Amino acid sequence: MSTYTEHEVVVVGGGTGGIMVAAQLLRKDKELDVVIIEPSDVHYYQPAWTLVGAGTFENKETKRPMADCIPPRAKWLKDSVASFEPDKNRLTTAGGKVVSYRFLVLAPGIQINWDAVKGLPEALNKNGVCSNYDYHMAPYTWKVLQSTKKGKVLFSQPNTPIKCGGAPQKIMYLADEAFRRAGVRQDVDIHFFSPGTVVFGVEVFAKTLKKVIKEKNIDFHLGHNLVEVKGDEGIAVFDVTGEDGKVTKKEVEFSMFHVVPPMSAPDFIRNSPLAMAEGPLKGWIDVDHHTLQHNSFANVFAVGDAAALPTAKTGSAIRKQAPVVVENLLRIREAMLTEAEPDALNNSYNGYSSCPLVTGYGKMVLAEFDYQNQPDPTFPFDQSEERYDMYVLKKWGLPWMYWNLMLKGKA
């Protein structure tokens, strides 16, 4: 038997985006009725998993109880969403609750599809097959890095949008340095496989990465998409797209393989009337690229990885998106309360995102850019250069900022 509840603002997702929006809304108006729908008991700081995989960050420091992260004045509905009825301003949870809303903020994050690569689920966490894209798996990456003394070491990126587009390369650069410190680099052959056509989408940063790749003697393969992992045999299978557009199969042996799995919007989003029905962003939440308001339902907004936005899916992007959602939602709410016509919404989100590209222990390039893939720097120096102070920011500054400012609606 289903139960029925009503709330002014319903936030779907207790990750970075959902908690930031809820916290900022309640800092603006502590009397707001805000509920967060989130099934997980634990909240993770995922950007540090690359450093966990490289042996320079404690895995336990990347998680906290969800109850400690939910804003104090927000309600927490520990459940997941099954379906939406946006024309009726309501949704149904997996537990059978019908939840109605005046405003809906979608922040469900991204879905990792391990089984989209044949043999990958069975191969993970053994035989040298690892991935930093899971809390429980990241420590195995470091274990494999320490035990690998020779052979081919592979790193891959999928042909789908992913969270933190720089992460597939970051662990590779750190691995190179780990092998050098262990004195085995001359016996290790490092290869990166990307389905794309460029090393990085923003040329000024790509130039630096190409230099790093050359200095580290890494073989960088474009047009390669992982389709199968034969873990017991130590073989990766790629679809290779040639210059003529023809696709051929290629098998590559490995001693170690760091895999980044394909990703998508969550199924309950993809199968809903809130997702784009066609086009290159099909399945992602259909929102205006600047206001973050849904293109069909004016009281619905989206923030974070599941939104159909042509920019990198990162926590730094969410940090810029959340205030836009909060301001626009409150502007519409004020107009509704006063029965006035709402002002034009604030088109302030310019597609800003940031990829902290760790290129070694103590070295990082802070790539910040907008929708046009133009640099959008925070600091008054050349951020395309490898810098120690940016590595310090990544390892110590950003985690502190995340837990103490971002999740509390202060940054």
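Remember, predicted model here, so these are calculated numbers, not experimental data. By convention here, the first residue in the shown sequence is residue 1. What's counted below: heavy atoms across the whole structure, side chains too, no hydrogens, waters or symmetry copies.
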Is there a donor-acceptor pair under 3.5 Å between the side chain of [X] and the backbone N or O of [Y]?
X      : Y      : value
Gln321 : Gly304 : yes
Lys126 : Gly231 : no
His289 : Ala308 : yes
Asp244 : Lys246 : yes
Tyr371 : His290 : no
Glu368 : Thr378 : yes
Lys394 : Pro47  : yes
Asn328 : Thr291 : yes

Give every donor-acceptor pair under 3.5 Å between a side-chain atom in residues 261-284 and any protein atom, sequence neighbours left out.
| unit_1 | atom_1 | unit_2 | atom_2 | d |
| --- | --- | --- | --- | --- |
| Ser264 | OG | Asn113 | ND2 | 3.0 |
| Asp267 | OD1 | Gln111 | NE2 | 3.1 |
| Asp267 | OD1 | Arg270 | NE | 3.3 |
| Asp267 | OD1 | Arg270 | NH2 | 2.4 |
| Arg270 | NE | Ala265 | O | 3.4 |
| Asn271 | ND2 | Asp267 | O | 3.1 |
| Ser272 | OG | Ile269 | O | 2.8 |
| Ser272 | OG | Leu274 | N | 3.1 |

Going from CG on Asp29 to CD on Glu8, what distance comes out if it is rounded to the nearest 0.5 angstrom?
->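 Nearest 0.5 Å value for the CG-CD distance: 8.0 Å.
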
[Y] side chain reached by [X] side chain, heavy atoms, under 4.5 Å:
X      : Y      : result
Leu32  : Leu330 : yes
Leu393 : Leu366 : yes
Tyr101 : Val12  : no
Leu292 : Leu309 : yes
Val259 : Trp114 : no
Lys118 : Val237 : no
Pro168 : Tyr133 : yes
Gln169 : Val212 : no

The criterion is salt bridge (Lys or Arg N to Asp or Glu O under 4.0 Å); which residues satisfy it with [X], sequence neighbours excluded?
X      : answer
Lys249 : Asp239
Arg73  : none
Arg319 : none
Glu85  : Lys88, Arg90

Can you sort out the partners of Thr241 under side chain to side chain donor-acceptor pair (under 3.5 Å), two or more places apart, ordered by chain and number?
->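 If we apply the side chain to side chain donor-acceptor pair (under 3.5 Å) test to Thr241, skipping adjacent residues, there are no hits.
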
Taking side chain to side chain donor-acceptor pair (under 3.5 Å) as the test, write out the residues that go with Asp219, two or more places apart.
->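 For Asp219, no residue satisfies side chain to side chain donor-acceptor pair (under 3.5 Å) once neighbours in sequence are set aside.
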
Verdict with supporting geometry, Asp286 and Asn295, side chain to side chain donor-acceptor pair (under 3.5 Å) | CA-CA 6 Å; Asp286 184 13; Asn295 286 317; 2.7 Å; yes

Distance-minimising heavy-atom pair for [X] and [Y]:
X      : Y      : answer
Pro195 : Asn225 : CB-CB, 4.1 Å
Ala138 : Val52  : CB-CG1, 3.8 Å
Ile285 : Ala302 : CG2-CB, 3.7 Å
Tyr391 : Met364 : N-CB, 3.7 Å
Gly13  : Ile36  : O-CG2, 3.7 Å
Val287 : Ala307 : CG2-CB, 4.1 Å

Is the gap between the ring centers of Phe220 and Phe192 under 6.0 Å?
->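 Phe220 vs Phe192: aromatic centres under 6.0 Å.
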
Is the ring centre of Phe254 less than 6.0 Å from the ring centre of His191?
->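 Between His191 and Phe254, which both carry aromatic rings, the centre distance is not below 6.0 Å.
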
Worked verdict on Tyr135 versus Asn59 for side chain to side chain contact (heavy atoms under 4.5 Å, CB included) = CA-CA 7 Å; Tyr135 173 82; Asn59 204 31; 3.3 Å; yes

Does the pair Asp382/Arg387 count as a salt bridge with the N-to-O cut at 4.0 Å?
->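 Here Asp382 does not pair with Arg387 in a salt bridge, since their nearest N and O are not under 4.0 Å apart.
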
Does a side-chain N-to-carboxylate-O contact under 4.0 Å join Glu203 and Lys207?
->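 No salt bridge links Glu203 with Lys207.
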
Are there more than 12 heavy atoms of other residues, nucleotides or ligands under 6.0 Å from atom CD of Glu122?
->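 Atom CD in Glu122 is packed in, count exceeds 12.
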
Criterion side chain to side chain donor-acceptor pair (under 3.5 Å) on Ser353 and Thr314, from CA distance to verdict | CA-CA 7 Å; Ser353 192; Thr314 66; 2.7 Å; yes

His294 and side chain to side chain contact (heavy atoms under 4.5 Å, CB included): which partner among Asn299, Asp288, Val300, Leu104?
->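 Result: among Asn299, Asp288, Val300, Leu104, Val300 is the only option passing the side chain to side chain contact (heavy atoms under 4.5 Å, CB included) with His294.
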
Classify the angle between the aromatic ring planes of Phe379 and Phe381 as parallel (below 30°), tilted (30 to 60°) or perpendicular (above 60°).
->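 Answer is parallel, since the angle falls under 30°.
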
What side chain to side chain donor-acceptor pair (under 3.5 Å) pairs are there with at least one residue in residues 144-162, not counting sequence neighbours?
->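 Found Trp142-Gln146.
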
Which pairs with one or both residues in residues 35-50 pass salt bridge (Lys or Arg N to Asp or Glu O under 4.0 Å), sequence neighbours excluded?
->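 As it turns out, the salt bridge (Lys or Arg N to Asp or Glu O under 4.0 Å) pairs with a partner in residues 35-50, which skip direct neighbours, are Asp41-Lys78.
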
With no hydrogens and no angle check, do the side chains of Ser316 and Tyr352 hold a donor and an acceptor under 3.5 Å apart?
->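 No, no side-chain donor-acceptor contact under 3.5 Å.
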
So, His7 and Lys75: side-chain donor and acceptor under 3.5 Å apart, yes or no?
->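 Judged by distance alone, the side chains do not pair up.
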
Check: residues 396-406 side-chain donor-acceptor pairs under 3.5 Å, at least two apart:
| unit_1 | atom_1 | unit_2 | atom_2 | d |
| --- | --- | --- | --- | --- |
| Tyr402 | OH | Thr16 | OG1 | 2.7 |
| Tyr402 | OH | His43 | NE2 | 2.6 |
| Asn404 | ND2 | Trp400 | O | 2.9 |

With sequence neighbours left out, what residues match Phe301 under ring pair (Phe, Tyr, Trp, His ring centres under 6.0 Å)?
->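 Phe301 satisfies ring pair (Phe, Tyr, Trp, His ring centres under 6.0 Å) with no residue once adjacent residues are dropped.
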
Expected list for residues 174-184: side-chain donor-acceptor pairs under 3.5 angstrom, two or more places apart:
| unit_1 | atom_1 | unit_2 | atom_2 | d |
| --- | --- | --- | --- | --- |
| Asp176 | OD1 | Arg180 | NE | 3.1 |
| Asp176 | OD1 | Arg180 | NH2 | 3.2 |
| Asp176 | OD1 | Arg185 | NE | 2.7 |
| Asp176 | OD2 | Arg180 | NE | 3.0 |
| Asp176 | OD2 | Lys216 | NZ | 3.0 |
| Glu177 | OE1 | Tyr361 | N | 3.4 |
| Glu177 | OE2 | Tyr361 | N | 3.4 |
| Arg180 | NH2 | Lys216 | O | 3.3 |

Take Arg27 and Lys410 through the test side chain to side chain contact (heavy atoms under 4.5 Å, CB included) and record every step on the way to the result.
-> CA-CA 9 Å; Arg27 287 182 70 83; Lys410 297 178 181 179; 3.6 Å; yes

